[in-house]
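First the structure, in the form of structure tokens, and then the observations on it.
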Amino acid sequence: MRSIAEQAWARARDGFSSSVLGITSQGPQPLDGGLSRGARLRITAGALVVAAMCGWLAGPPWGALFALPALMIAGLFGGTVLATLALAASVLAAWKLCPGLDLPVFAAAAFVQTALSLLLRAFFRESRRWGVRYRRLLGVLASAVTVSDAQGRISRPHPELGRLVGMPWPAHAGLKWMASIHPDDQNKLMPPGPLKDVVVQRAEIRLKDPKTGDWRWHLMRAVPLQGESGEVEEWISTLTDIHERKLAGEQRDMVMGEARHRLKNLMTIIDSLVKSSRRRGESDPNVIAYEQRISGRLHALSAASDLALAGNYTTMAVREVVAATLAPFLETEGARISFGGPDLLLNQATGGSLALGLHELATNAIKHGALRVPEGRVSFTWTLEHGRRVEMVWRETGGPATGTPAKSGYGARVIGFITSREQNGAVTMEFPPEGYVCRIGFALAEVAEE
């Protein structure tokens, strides 16, 4: 609970802001708003009357000094015209009523006082213009803007928040406004770590709709304001209604999950049909090898399609594509296969082609290359050069000596197809004695790093 002195100071501060700056006033706020002409005239006249009474009680010549604070008030609240009139009236009154006063010195002091007050008013008014722009901008971007202390307590009216949660002032004062937040979401408001380390605190929370009583999703963004000690003294927060977008996202995820489930079932059925198409007792190695190749490619295609659905048919992470494609080989040869590189996203078409090409490379390594012998090793690495050039290298070591094949087979065409959808794509295959090397390079039109 704040003390009476703190509350009085807050009222005086807000009153000054409303009159001179117009920041805390409700309703539409023009750039040059604030007090009306009549209110400014009354304040200026009142200040001059009080100064005259105090001057009369003090007597000449020192009584004329009470005009100086009156001129400050006239400049701050009245504006240029009223301040000039007050300056002229003060000098004239001092000339008539204070014969022992050094009139030129007093006139100079009064002029300086008036000029300083008008200069301060200009600074305040420019600050107000930025404040109005700030509030208008936030009004476009968010449903509600709040200013609270380090613990989230609100000490002044927030009309937007009051309308949003159905709690007009002072119903949302202090921490009372948190009663409108779903109990399960209240712990999301404060960051888990030290407050001074927070740049922006974001949280999706549910607020109770005062009209229907339903819970609606809102995105809260809070920016901490630090004092001289470096500790957080205030939070500026915005609340944006994301309910429809949240529900649409959940529905999309459900549809995608159903599509992934159906795709897996379809691939399982196709794989079963392939295996059941071989006659019982069939032992022809060519038929068995063909069946294994078809099943492997189905697995690679299924893994790539599953990742495409997870990425909503937009992008696929290279690391996930590689891990999913090589998963069957890692079960038996995991200690001899390694892969790695920076986080990188590919479009759906290139990601699918990469999955099929990797499956072909791994299959060939088992049948003819490094994975054919116990001491063989395989690595697959990728790099991003100059912000958009992707270089991938499949390297086999420790296997049987390699030689350039007489002709390219279907597998080589599958591998070469990886770069067909990208700019400046090229696939080169090298056959040094120490092991097969496949280099895959292409330039992405847009590279999105995770």
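Atom set for the values below is all heavy atoms of this structure, side chains included, hydrogens, waters and symmetry mates excluded.
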For this session: Under the side-chain contact (heavy atoms from CB on, under 4.5 Å) rule, what do Val318 and Met392 come out as? Steps first, then yes or no, please.
Result: CA-CA 11 Å; Val318 172; Met392 299 178 172; 4.2 Å; yes

For this session: Could you walk me through whether Lys246 and Glu244 pass side-chain contact (heavy atoms from CB on, under 4.5 Å), step by step?
Result: CA-CA 5 Å; Lys246 181 81 171 179; Glu244 302 302 331; over 6 Å; no

For this session: Under the side-chain contact (heavy atoms from CB on, under 4.5 Å) rule, what do Val414 and His359 come out as? Steps first, then yes or no, please.
Result: CA-CA 10 Å; Val414 171; His359 177 267; over 6 Å; no

For this session: Report the C-alpha separation of Val437 and Val393 in whole Å, then their side-chain angles, then the decisive distance to 0.1 Å, and conclude whether the side-chain contact (heavy atoms from CB on, under 4.5 Å) test is met.
Result: CA-CA 7 Å; Val437 177; Val393 180; 4.0 Å; yes

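Between the side chain of Asp209 and the backbone N or O of Gly213, no donor-acceptor pair lies under 3.5 Å. In this structure a side-chain-to-backbone donor-acceptor pair under 3.5 Å is missing from His172 to Pro170. Ser117 places a side-chain N or O within donor-acceptor distance of the main-chain N or O of Thr114, the cut-off being under 3.5 Å. Side-chain atoms of Gln186 come within 3.5 Å of backbone atoms of Met178 as a donor-acceptor pair (strictly under, hydrogens ignored). Looking at Asp185, its side chain does come within 3.5 Å of a backbone N or O of Arg206 through a donor-acceptor pair. Using modelled atom types, one side-chain atom of Ser180 and one backbone atom of Trp177 make a donor-acceptor pair closer than 3.5 Å. At distances below 3.5 Å, not a single donor-acceptor pair connects side-chain atoms of Arg389 with backbone N or O atoms of Leu384. A donor-acceptor pair is defined here as one N or O able to donate and one able to accept, closer than 3.5 Å; such a pair exists between the side chain of Arg319 and the backbone of Gly341. Remark: the backbone N or O of Met72 is not paired with any side-chain donor or acceptor of Gln113 at under 3.5 angstrom. At distances below 3.5 Å, at least one donor-acceptor pair connects side-chain atoms of Arg40 with backbone N or O atoms of Gly78.
At least one side-chain heavy atom of Trp235 sits less than 4.5 Å from a side-chain heavy atom of Val198. By the 4.5 Å heavy-atom criterion applied to side chains, Phe339 and Ser379 are not counted as neighbours. Put simply, the side chain of Leu239 reaches to within 4.5 Å of the side chain of Ile205, judged on heavy atoms. Looking at heavy atoms from C-beta onward, Leu361 lies in side-chain contact with Cys438 at the 4.5 angstrom threshold. Looking at Tyr436 and Val378, their side chains never come closer than 4.5 Å, going by heavy atoms from C-beta outward. Looking at Arg221 and Thr240, their side chains come closer than 4.5 Å, going by heavy atoms from C-beta outward. You'll find the side chain of Val322 reaches within 4.5 Å of the side chain of Leu358, heavy atoms only. At least one side-chain heavy atom of Leu207 sits under 4.5 Å from a side-chain heavy atom of His218.
Residue Leu101 comes nearest to Ala64 through the heavy atom pair CD2-CB, 3.7 Å, listed as atom of the first residue, atom of the second, then distance. When every heavy atom of Thr419 is checked against every heavy atom of Ala426, the shortest pair comes out as OG1-N, 3.7 Å. Between Leu48 and Ser90, the closest heavy-atom pair is CD2-OG, 4.0 Å. The two residues Val321 and Gly351 come nearest to each other via the heavy atoms CG1-O, 3.7 Å. Nearest heavy-atom pair, His158 versus Val145, reported as atom, atom and distance to 0.1 Å: CD2-O, 3.2 Å. The shortest heavy-atom contact between Val427 and Gly416 is CG2-CA, 4.0 Å.
In this structure, Phe380 and Trp394 have tilted ring planes: the angle between them lies in the 30° to 60° band.
For the side-chain contact (heavy atoms from CB on, under 4.5 Å) with Trp217, the qualifying choice from His243, His182, Arg245 is His243, the only one to do so.
Atom OG1 of Thr383 and atom CG of Leu344 lie 9.5 Å apart (nearest 0.5 Å). Atom CD1 of residue Ile418 and atom CD1 of residue Ile440 lie 3.5 Å apart, to the nearest 0.5 angstrom. Taken from CD1 in Ile154 to CG in Leu161, the straight-line distance is 5.0 Å, to the nearest 0.5 Å. Note that the CD1 atom of Ile242 and the CG atom of Leu247 stand 9.5 Å from one another [nearest 0.5 Å]. Summarising the geometry, atom CZ belonging to Arg202 is positioned 15.0 Å from atom NZ belonging to Lys188; distances are rounded to the nearest 0.5 Å. Here the CG atom belonging to Leu116 is positioned 11.0 Å from the CG atom belonging to Leu68, to the nearest 0.5 angstrom.
Counting non-hydrogen atoms of other residues, nucleotides and ligands closer than 6.0 Å to CH2 of Trp56 gives a total of 12 or fewer. The environment of Arg395 atom CZ is sparse: at most 12 non-hydrogen atoms of other residues, nucleotides or ligands sit within 6.0 angstrom.
Under a 4.0 Å N-O distance rule, the pair Asp214/Lys208 does not qualify as a salt bridge. Under a 4.0 Å N-O distance rule, the pair Glu430/Arg439 qualifies as a salt bridge.
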